[in-house]
2 protein chains.
Amino acid sequence: MADEGFSDKNLTEGLVDPGQQARWFNRVREAHQAETAEDYVELIADLIEAQGEARVVDLANRFGVSHATVNKVIVRLNREGLVSNQPYRSLFLTETGKDLARRCKERHRVVLDFLLALGISPATAEADAEGVEHHVSEETLTAFRNFIARNR
Amino acid sequence: MADEGFSDKNLTEGLVDPGQQARWFNRVREAHQAETAEDYVELIADLIEAQGEARVVDLANRFGVSHATVNKVIVRLNREGLVSNQPYRSLFLTETGKDLARRCKERHRVVLDFLLALGISPATAEADAEGVEHHVSEETLTAFRNFIARNR
DNA sequence: AACAAAGTTTAGCCTTGGCAACAATTTGAA
DNA sequence: TTCAAATTGTTGCCAAGGCTAAACTTTGTT
Ligand SMILES: [Mn+2]
Ligand SMILES: [Mn+2]
Ligand SMILES: [Mn+2]
Ligand SMILES: [Mn+2]
């Protein structure tokens, strides 16, 4: 694979290398696949911390979807080793799930604080952060952290 | 062991209002539904501008998916009035499609330039922008534009 | 003109995450 | 204890976007 990125041909045509572009879109698709799991473990962790337990009905309310949808996702997360639960009982995170939740909450906080530091209103910052969080690289998160520190 | 308290605020301390949170997640879901259409019209416009035409095989290469997948999406975008095409011929945008493409390209450019102005490396900025662009509000875009202007 | 290559479309199949409707279990109040 | 309400689980449906394989059309070369 030679010289991915910016060949003469691509520059004259004003288009980036197709393989490079494909990798970018691939990364977005991977982020979307991880997104549901990330939001679920994050919210489950928040509910357990704030209320002592996370129930299906709470998740349904806070995600704005039906309890059937929540149940189906929980089955998948259980299968993937992020959630552990018994029938008709409240939800728990596995160690893997707790670890993912911790990292997601930290990332969420950085994105939110960055938008706030930029001067975005709290309501908009919270809304934007919920989507943006899944698409920021470590390099960008570091730049966000530096910006927050500089504007503290 | 559910809510045994009298005040509804006591036990939900540290958590945002459920209806508000549901609206945030709903907005993210709406963005995801619009995302494919946005990326397709943007890339179709780019290809037409750079190469004179947009073909299924080009889109497949640049998105990194099979040509069958592209075809199925094109059928949908045609049905929704964004793309106009004849069988076995190259793809065109309707006026609605061109308009959406123009707005998406502008938004993409703002997000990319903002990340670059923040000091993110070009490769990372391009990759992150492809996902982030679909989740930034007008308010945040305005703040991005201001930041770009201040750091020019 | 004939034929091979390239490009497009169609047909099945899959997974995710939506929904409503109904079934089963747990919980709380009589 | 009993029973209704709340909660959880199951079933069947749907659309979006992935895929492979096969059929079809256009294009280019001989
Ligand atoms: Mn999120
Ligand atoms: Mn989040
Ligand atoms: Mn994009
Ligand atoms: Mn884009």
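Chain naming here is simple, since letters A, B, ... match the order of the sequence lines and numbering starts at 1 in each.
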Participant: Quick check on the hydrophobic clustering: are B/Val73 and B/Ile48 connected, directly or via other members, by side-chain heavy-atom contacts under 4.5 Å?
Facilitator: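 Shared cluster, yes.
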Participant: Ignoring backbone atoms, test whether B/Thr36 places a side-chain nitrogen or oxygen under 4.0 Å from the OP1 or OP2 oxygen of D/dG17.
Facilitator: yes
Participant: Quick one: A/Glu35 CD to C/dG18 P, roughly how many Å, whole number?
Facilitator: 10 Å
Participant: Is there a path from A/Val28 to B/Leu112 through hydrophobic residues (I, L, V, M, F, W, Y) whose side chains come within less than 4.5 Å of each other?
Facilitator: no
Participant: Taking C-beta and beyond as the side chain, do B/Tyr40 and B/Val70 meet within less than 4.5 Å on heavy atoms?
Facilitator: yes
Participant: By nearest atom, which of the nucleotides C/dT16, C/dA11, C/dT8 is closest to the B/Ala68 side chain?
Facilitator: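 Taking heavy atoms from C-beta onward, the closest nucleotide is C/dA11.
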Participant: Just wondering, do A/His67 and D/dT7 stack (centres under 5.5 Å, planes under 30°)?
Facilitator: no
Participant: Find the distance B/Ile74:CD1 to D/dG18:P and express it as a whole number of Å.
Facilitator: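 Spelled out: CD1 on B/Ile74 to P on D/dG18 is 12 Å.
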Participant: Could you state the NZ-C1' distance from A/Lys72 to C/dG18, rounded to the nearest angstrom?
Facilitator: 8 Å
Participant: Can you measure A/Leu47 atom CG to D/dT7 atom P for me and round it to whole angstrom units?
Facilitator: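 Taking CG of A/Leu47 and P of D/dT7, I get 14 Å after rounding.
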Participant: Should A/Thr69 be listed as having a side-chain N or O under 4.0 Å from OP1 or OP2 of C/dG17?
Facilitator: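 Answer no for this pair, as no side-chain N or O of A/Thr69 is under 4.0 Å from OP1 or OP2.
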Participant: Where does the angle between the aromatic ring planes of A/Phe144 and A/Phe114 fall among parallel (under 30°), tilted (30 to 60°) and perpendicular (over 60°)?
Facilitator: parallel
Participant: DNA chain C: B/Gln86 or A/Gln33, which has the more 5' nearest nucleotide?
Facilitator: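 The answer here is B/Gln86.
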Participant: Please report the distance, rounded to the nearest Å, between CG in A/Leu59 and C1' in D/dG9.
Facilitator: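 The distance from CG of A/Leu59 to C1' of D/dG9 comes to 15 Å, rounded to the nearest Å.
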Participant: What's the shortest heavy-atom distance between B/Ile120 and B/Ala125, and which atoms?
Facilitator: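 Looking at all heavy atoms of both residues, the shortest contact is CG2-N, 3.6 Å.
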Participant: Is any side-chain N or O of A/Arg29 closer than 4.0 Å to OP1 or OP2 of D/dA16?
Facilitator: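 For D/dA16, OP1/OP2 do not have a side-chain N/O of A/Arg29 under 4.0 Å.
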Participant: Return the nearest nucleotide to the side chain of A/Val65; candidates are D/dT7, C/dG18, D/dG9.
Facilitator: C/dG18
Participant: According to a strict under-4.0 Å criterion, is A/Arg76 in side-chain N/O contact with OP1 or OP2 of C/dT15?
Facilitator: no
Participant: Taking only side-chain N and O atoms of B/Ser66, does any of them lie within less than 4.0 angstrom of OP1 or OP2 on D/dG18?
Facilitator: no
Participant: Give a yes/no answer on whether the side chain of A/Asn71 brings an N or O atom under 4.0 Å of OP1 or OP2 in D/dG9.
Facilitator: yes
Participant: Please state how far atom CD in A/Glu80 lies from atom P in C/dT16, giving the value in whole angstrom units.
Facilitator: 7 Å
Participant: Would you mind reading off the distance between B/Asp39 atom CG and D/dA16 atom P, rounded to a whole angstrom?
Facilitator: 16 Å
Participant: Output the single nucleotide from D/dG18, C/dC19, D/dT7 whose closest atom is nearest the side chain of A/Val57.
Facilitator: D/dT7
Participant: Using a cut-off of strictly less than 4.0 Å, decide whether B/Arg79 has a side-chain nitrogen or oxygen near OP1 or OP2 of D/dA16.
Facilitator: yes
Participant: Take the protein atom OH of B/Tyr88 and the nucleotide atom P of C/dT8, then report the distance between them rounded to whole Å.
Facilitator: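 Rounded to whole Å, this separation is 10 Å.
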